[in-house]
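Accompanying notes for the structure given below.
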Amino acid sequence: MKRLNIGILGFGTVATGVVDLIKENHAEITRRTGYEFAIEKIFVRSMDRDNPYGLSLTTDVNDVLMNPNIDVVVELMGGIEPSLSYIQTALDHNKHVITANKALIATHGNELFKKAAEKGLMLMFEASVAGGIPVIKTLRESLIGNKIESLAGIINGTGNYILTEMKEKGRSFEDALKDAQALGYAEADPTFDVEGIDAAHKLTILASIAFGIPLQFDKVFIEGISSLETEDIQYANQLGYTIKHLGIAKYLPEGIEIRVHPTLIPKSELISNVNGVMNAVLVKANGVGPVLSYGAGAGGKPTASSVLSDLADISRMLDADKAQYVPYLAFQNQALSNAPILPQAEIHTAYYLRIKAVDQPGVLSDITHILAQHDISIELMIQTKSVDDNLANIIMTTHETKEHSILESLRAIEALANIRGKAKLLRIESFRS
Ligand code: HSE
């Protein structure tokens, strides 16, 4: 029996899932791959922990990174350092690498892939995006005959859990976040979840693989959900929309849009019905059309399922010619494109606006006049009276326009004498057609 000798860095939720899944499914894995997946060594911070299978643990990371018996190092520690240095050392010692570390791939992937290519090694990261959903492999391999036009994903389980709780149960943002932390979904620093950084890491990776561009995390527009108000969730609902925290990437002739923000989606669309901690990624490709992948975006065993898929790929390529390896970012390394990433002001979409105004004649006509001056067409509008301050709440949706036009209009509207406070702006997307 051929063995794939595995070293693991970290023994948290995902690593436990990997160990459990290998033990549980070893016969199936061997039937499929022809290999026994053998866990040679696990690097832990402390030996004082549960070890139900009696695996070989070490607190010396070099027992994994420099171990001559290990073929693949699986990094499941998260964070940038020391994970980055450990992966570099593993590559230096000719180990193939698997990681679930989205932050690391999004911000240091370009240099790591360069090093892996120089060493002729595989560096796989299916588990870094959307947990158990096989979205990297789908984009990189299954859709290879297509040109990817756009993708949109609910790619942070914590954020989706919070929005679902706020909408379905009218709970406050803070309450729902506490739950998500207690359930173990949130990142060590939950601002990564609620401010969209975690989703932006994942979107950076997806956009690179979809369009064949280098990883460019610093160019992603990021807006979180922490400033979302229950009021807007309710108005959006009245207007026929659900608000989801989406990562969106679109390939346009003038450049690429890459953005993470709360988004109104028509309730009738499948992705607007993805609730709780579940993730979904909708890809639009020119041959197949839309493809929607749905599943658990976080958690031990679901994420481990993606790690095992990378282990299986590595086992199949261990003795192969290196030229046959699947390219790291789905496109040949020398064929990555320098298509520009569009500044957020240049994106083109529809908008939801909520404006507070003194309820007097002429206020509405002043607002619509400014929008007309910027060539912005209103789609629909409702007005309610706020009990607290007796002000009118004017809620409107617009047809598609450039973001800079809507921002310029809002600055002019906010400067009107009868307008109170800052206007609320949210973006609308529809994926039908
Ligand atoms: N904190 C992440 C989430 C974990 O909630 O989606 C999976 O990447």
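Counting starts at 1 for both ligands and their atoms, following the listed order.
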Going by atom types only, do Ser309 and Glu126 share a side-chain donor-acceptor pair under 3.5 Å? no
Asn156 side chain near Ile225 side chain, heavy-atom distance below 4.5 Å: no
To check your reading of the model: name the closest protein heavy atom to atom 1 (N) of ligand 1, its residue, and the distance in Å. Glu187 OE2, 2.6 Å
Consider every N or O of Asn279 and every N or O of ligand 1, then say whether any pair is closer than 3.5 Å. no
Provide the number and element of each atom of ligand 1 under 4.0 Å from a heavy atom of Asp193. 1 (N), 2 (C), 3 (C), 5 (O)
Show me which atoms of ligand 1 lie under 4.0 Å from any heavy atom of Ala298. 4 (C), 7 (C)
Counting from 1 in the order shown, the ligand 1 atoms closer than 4.0 Å to a non-hydrogen atom of Lys102 are 4 (C), 7 (C), 8 (O)
Going through the checks in order, is the ring pair (Phe, Tyr, Trp, His ring centres under 6.0 Å) test met by Phe37 and His26? CA-CA 7 Å; Phe37 286 8; His26 68 96; over 10 Å; no
Distance under 4.0 Å to a non-hydrogen atom of Gly157: what atoms of ligand 1 satisfy this? 3 (C), 5 (O), 6 (O)
Quick one about Glu403 and Thr349 (side-chain donor to acceptor, distance below 3.5 Å, no hydrogens or angles considered), yes or no? no
Ser150-Lys284 side chain donor-acceptor pair, cut-off 3.5 Å: no
Could you list the atoms of ligand 1 found under 4.0 angstrom from a heavy atom of Thr158? 1 (N), 3 (C), 5 (O)
Ligand 1 contact by Gly297, heavy-atom criterion under 4.0 angstrom: yes
Between the side chains of Lys95 and Asn5, is a donor N or O closer than 3.5 angstrom to an acceptor N or O? no
